[in-house]
Amino acid sequence: MFTLLKISPHHSKRLSLHSPFTTTLAPSPSPSPSPPAASPTAIVSLILTSTNPQTLTQTLHSPTLPWTPQLVDQIIKRLWNHAYKALHFFTVLSYHPTYSHSLSSFDHAVDLAARLRDYKTVWTLVHRMKSLRLGPTPKTFAIIAERYASAGKADRAVKLFLSMHEHGCGQSLTSFNTILDVLCKEKKVEKAYNLFKIFRGKFKADVVSYNVIANGWCLVKRTGKALEILTEMVDTGLEPNLTTYNIMLKGYFRAGQIEEGWRFFLEMKKRKCEMDVVTYTTVVHGFGVVGEIKRARKVFDGMIKEAVLPSVATYNALIQVLCKKDSVENAVVLFEEMVRKGYVPNLTTYNVVIRGLCHAGEMERAMEFMGRMKDDECEPNVQTYNIMIRYFCDAGDVEKGLDLFEKMGTGDCLPNLDTYNILISAMFVRKKSDDLLVAGKLLIEMVDRGFMPRKFTLNRILNGLLLTGNQGLAKEILRLQSRCGRFPRQFKL
DNA sequence: GTAGGGTTAG
């Protein structure tokens, strides 16, 4: 263990008993005669069903629509999994006679274009932001860098950071730490460490910089390297903080070094380090995932004695490991117990329980929990649907999976890449030739919505269609394949 | 949107 120094007092995060999301748009008190409804839902479905761009533009430019940055952002968020539609909406509104986009809407648009790997559009947007004097800000650069890195272009992410100032956005210690973190999260810790060594003097690396690098090593399970860098930090006179310790602790458990993790935890306690709910949640989860349910429970029960209250995340951690390593019944018991104590389960809680029930073959009960989500003001999200669809398909109930998928198309939760992959795979378990056609249609639809199919998926469908004599659809997909080296199409701003 | 805990499959 590196030299433990005193940690300055740190307030534990407050217990979060309420879901932070209240997405309802304030309804106008008295309904006016006949304006287009301003609810995000109505506008989103208008955009999704519209076939005539001109009419859509007219409607969106209608003076009765009270555009605000919040409303625009909400709509973009709802259209997130239909990136072209979302960008089209953004574009139409940029020609609005009186409304003009906010910085955050620009950032969302940049994020969408970058996800499509349409970098030309990204830079057009950046220049437009600049001419409107809205940005780009360090956040804009963080978004682009993250997308570069996740597209396997870590070097471009670094270059972007190095050229920020050329776009009128000064570098700082914060932006330095951000680029290091982006690289680390993509498991490019070596690259991050090299950058760190070059610039730590220039930017006056602080405890955050060191924590980011240590966490980077932990993410690739190199706890020894993490300790090394932290020792170096202490040698330069910087003191570790609670985050530092929590990073190391998580690192040990993630690397499967359970006893080292436990010893580290005991050492923290012995040296009277501040311990917070994150510390305890890490240990509860760490023990749980290796099946040490009793020890997980003991730590969970013990934290209250130390005057650290579990958070919803702590419950989620324990509920998840009970599902996996104990029984879903005990998980449900704990779920009810947390509710009794006044905690409000969040999306993660529900998704964890629903997955547990599905895994135990309890599809009916899983559906019940899904219906129960509304009571806690959380709607099922893509992950919820993906879980249900996957398990319905696995259980051979492909029809029910498709039913849920249909529901997503019309509702306010659009399918994402995973949804398509799950369904397309499911289309290959039965040997019905119709299924192959459905798979083909799904493939075309996903590309249309800005999702790249894997080569494997594409070839599998193509071969199937050719073998079963569906030349027409196969040809259509072949046309897609020819464009698959890059992203299907560039967005027209 | 500067760092740490909870959802995803071995």
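We name chains A, B, ... by the order of the sequence lines, and we start the count at 1 in each one.
The one candidate from A/Thr314, A/Asn316, A/Asp276 that meets the side chain to side chain donor-acceptor pair (under 3.5 Å) condition with A/Thr281 is A/Thr314.
For B/dG5, the base has no donor-acceptor partner in the side chain of A/Thr282 [N/O atoms by modelled type, under 3.5 angstrom]. Remark: the A/Asp107 side chain and the B/dG1 base include no donor-acceptor N/O pair separated by less than 3.5 Å. A/Arg355 contributes no side-chain N or O that forms a donor-acceptor pair with the base of B/dA9 under 3.5 Å. In terms of polar N and O atoms assigned as donor or acceptor, the side chain of A/Ser311 comes within less than 3.5 Å of the base of B/dG5 in a complementary pairing.
OP1 and OP2 of B/dA9 both lie 4.0 Å or more from every side-chain N or O belonging to A/Lys324. Side-chain nitrogen and oxygen atoms of A/Gln320 include none within less than 4.0 Å of the OP1 or OP2 phosphate oxygen of B/dG6.
For the pair A/Leu309 CG and B/dG5 P, the interatomic distance rounds to 21 Å; values are reported in whole Å. Between the CD1 atom of A/Ile247 and the C1' atom of B/dG5 there is a distance of 11 Å, rounded to whole Å. Distance A/His108 NE2 to B/dG1 P: 11 Å, rounded to the nearest Å. One can place CD1 of A/Ile389 at 17 Å from P of B/dT8, the figure rounded to the nearest angstrom. Distance NE2 (A/His359) to C1' (B/dG10): 11 Å, rounded to an integer number of Å. Spacing between atom CG of A/Asn421 and atom P of B/dA9 amounts to 14 Å, rounded to whole angstrom units. Rounded to an integer number of Å, the gap from CH2 of A/Trp217 to C1' of B/dA3 is 18 Å. The nearest whole Å value for the distance from the CZ atom in A/Phe335 to the C1' atom in B/dG6 is 14 Å.
Heavy atoms of A/Thr178 sit under 4.0 angstrom from primed sugar atoms or phosphate atoms, though from no base atom. Backbone-only contact: A/Val212 has heavy atoms under 4.0 Å from sugar-phosphate atoms and none from a base.
The 12-atom threshold is exceeded at NZ of A/Lys130, counting heavy atoms of other residues, nucleotides or ligands nearer than 6.0 Å.
Aromatic ring centres of A/Phe287 and A/Trp262: separated by under 6.0 Å. Ring to ring, A/Phe405 and A/Tyr420 are close: their centroids are under 6.0 angstrom apart.
A salt bridge links A/Lys225 with A/Glu228: the closest approach of a Lys/Arg side-chain nitrogen to an acidic carboxylate oxygen falls below 4.0 angstrom.
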